[in-house]
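Below is one structure, written out as structure tokens; the observations come after it.
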Amino acid sequence: MANTFNKKYTYQPINKPNLKELYNGIKTGNKTVLSQAITLLESKNQKDRELIYQLIKKLPAPSHKTIRIGITGSPGVGKSTFIESIGSFLCKKDYKVAVLAIDPSSEKTGGSILGDKTRMENLSTMKNAFIRPTPSKGQLGGVAQTSHEAILLCEMAGFEIILVETVGVGQSETHVKELVDFFLLLMLAGAGDELQGIKRGIMELADTILITKSDEGNELNAKKAKLNYQNALHLFPANENKWMPKVLTCSSLENKGINQVWDVIQDFEEKATKNGWIKKNRSSQNRFWFHQTLQNFIKNKFYTSP
């Protein structure tokens, strides 16, 4: 009886995909293989990560145009609800949308809830969407160590719009600016934040400030907050990309203002492509993440050496 039980229920480890399987899967836009590739990228095993770096080197650069959008804001501002709303809106327009959601890791256990996929229930069922939660593992800056490579993999798998949702811890979330083309800062109306509008830091990095939860009954607060932020933005120096940051309002629950957000992003992309800023910025970001990755490899080699 015991032998029968063991034969039937003995655990068999799942085989890792090899380089050829990963290459073919990413090239054909297979979401399961893309997820496996990101898992190997996040692995503590250096050989797993080296396999993915070989894959990225081997894969051709995407032939389609891509836009990388960073989305940040304090906890409770409605980042996941907004991403589900705009992601669904874009999928219905036949765009391929990838969402990379960075979740905070526990200081005690190192674990994460990784609940973004369950919070984006509608978007997760759409065939044009890919949602990947990733633990921050204590990494500062609101993003994960492997976020840059995960973006590259998503683009190589055919996704045109990459939405990066940060941890949402406040003023320290500046590394996301080194990942994306367009930086969207979500703010709440009537929460007192508008009184701090002239504070430097994350606000001056934003390409657009979006006042969320402008639902029925809260429109007046949203309009007041919008005016305060518009006044504050005039005190900041001009951005290197020559873009004047906008202030918008939206209600993700009522799907109000979502199309205006996308119009602003498209306007930004057109101007930043025309003046060469997106190309220049991505080149600068590649250098930044090369040094970050190099430092991580050196540290890992040191700490894993007897």
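- Under the 3.5 Å distance criterion, with hydrogens and angles disregarded, no donor-acceptor pair is assigned to the side chains of T304 and Q46.
- Using bins of under 30°, 30° to 60° and over 60° for the plane-to-plane angle, the ring pair W289/H148 lands in the parallel bin.
- Counting only heavy atoms from C-beta outward, the side chains of V33 and Q36 approach each other to under 4.5 Å.
- In this pair, F268 and W277 present their aromatic rings perpendicular. The plane angle is above 60°, beyond the 30 to 60° band.
- Between the CG atom of L34 and the CG atom of L153 there is a distance of 6.5 Å, given to the nearest 0.5 Å.
- Using a 4.5 Å heavy-atom threshold, the side chains of E149 and I52 count as separate.
- Contact of the I69 side chain with the I161 side chain is registered, since non-hydrogen atoms from C-beta on lie closer than 4.5 Å.
- For the side-chain contact (heavy atoms from CB on, under 4.5 Å) with T66, the qualifying choice from M156, E155, K96 is E155, the only one to do so.
- In terms of the side-chain hydrogen bond (donor to acceptor under 3.5 Å, both in side chains) criterion, residue partners of S251 (sequence neighbours excluded) are, by chain and number, D215.
- Side-chain contact between L179 and L100 is absent, with no heavy-atom pair separated by less than 4.5 Å.
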For residues 83-90, please give each side-chain donor-acceptor pair under 3.5 Å, one per line with the distance, not counting sequence neighbours.
unit_1: E84; atom_1: OE2; unit_2: E121; atom_2: N; d: 3.2
unit_1: E84; atom_1: OE2; unit_2: N122; atom_2: N; d: 2.6
unit_1: E84; atom_1: OE2; unit_2: L123; atom_2: N; d: 2.9
unit_1: S85; atom_1: OG; unit_2: N255; atom_2: OD1; d: 2.5
unit_1: S88; atom_1: OG; unit_2: E84; atom_2: O; d: 2.7
unit_1: S88; atom_1: OG; unit_2: N122; atom_2: ND2; d: 3.3

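- Using a 4.5 Å cut-off on side-chain heavy atoms (C-beta onward), Q260 and K246 make no contact.
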